[in-house]
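See structure below.
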Amino acid sequence: MSSIVDATYDANAFDRGTEPVLRIFSVDQAKQVVQYQADDQLRQRIEKLAEKNSAGEITPEELAEYEGYVRANKFVAILQAQARKRLGK
């Protein structure tokens, strides 16, 4: 199986797994999910870690923190996409 097919399957599985949770949200809550943005302090921390990572100057602890933020950002982006889809229905 190609990675494109795997990525599509994973997205479909994620959609199927998260849709029931998003149905719990009210319309207002779904709008809040869509509008969510990290605060300036968090964005600056992520940018600093990204720069250190790109420069090869990141410590193992910082790398673990950075990877946690990357995973969280992906998760939030997917939830926001799901919330947009729900609001569009």
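- Panel note: side chain Q80, backbone Y36; a donor-acceptor pair is recorded below 3.5 Å.
- Note: E19 CD to K85 NZ = 7.5 Å, rounded to the nearest 0.5 Å.
- Considering all non-hydrogen atoms of both residues, I58 and L49 come closest at CD1-O, 3.7 Å.
- Under a hydrophobic-cluster definition in which Ile, Leu, Val, Met, Phe, Trp and Tyr are linked whenever side-chain heavy atoms come within less than 4.5 Å, directly or via other members, I78 and V76 are assigned to different clusters.
- Of all heavy-atom pairs between L22 and Q82, the closest is CD1-CB, 2.9 Å.
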How far apart are the C-alpha atoms of E57 and E62, what are their side-chain angles, what is the distance that settles it, and do they pass the side-chain contact (heavy atoms from CB on, under 4.5 Å) test? CA-CA 10 Å; E57 300 171 353; E62 289 171 327; over 6 Å; no

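- Residue S26 comes nearest to Q29 through the heavy atom pair N-OE1, 2.8 Å, listed as atom of the first residue, atom of the second, then distance.
- When the side-chain hydrogen bond (donor to acceptor under 3.5 Å, both in side chains) test is applied to E65, the partners found at least two apart in sequence or on another chain are R45, Y69.
- For the residue pair S54 / E51, no side-chain donor-acceptor distance below 3.5 Å is found, with atom types taken as modelled.
- Closest approach of A83 to A30, counting heavy atoms only: CB-O, 3.7 Å.
- With hydrogens and angles ignored, the 3.5 Å screen pairs no side-chain donor or acceptor of E47 with any backbone N or O of Q44.
- In this structure V21 satisfies the side-chain contact (heavy atoms from CB on, under 4.5 Å) test with no other residue, sequence neighbours excluded.
- Here the shortest heavy-atom pairing between V33 and F25 reads CG2-CE2, 3.6 Å.
- Hydrophobic clustering (ILVMFWY, side-chain heavy atoms < 4.5 Å, transitive): L42 and L63 are in one cluster.
- Checked by atom type and distance alone, the side chain of E67 never pairs as donor or acceptor with a backbone atom of A64 at under 3.5 Å.
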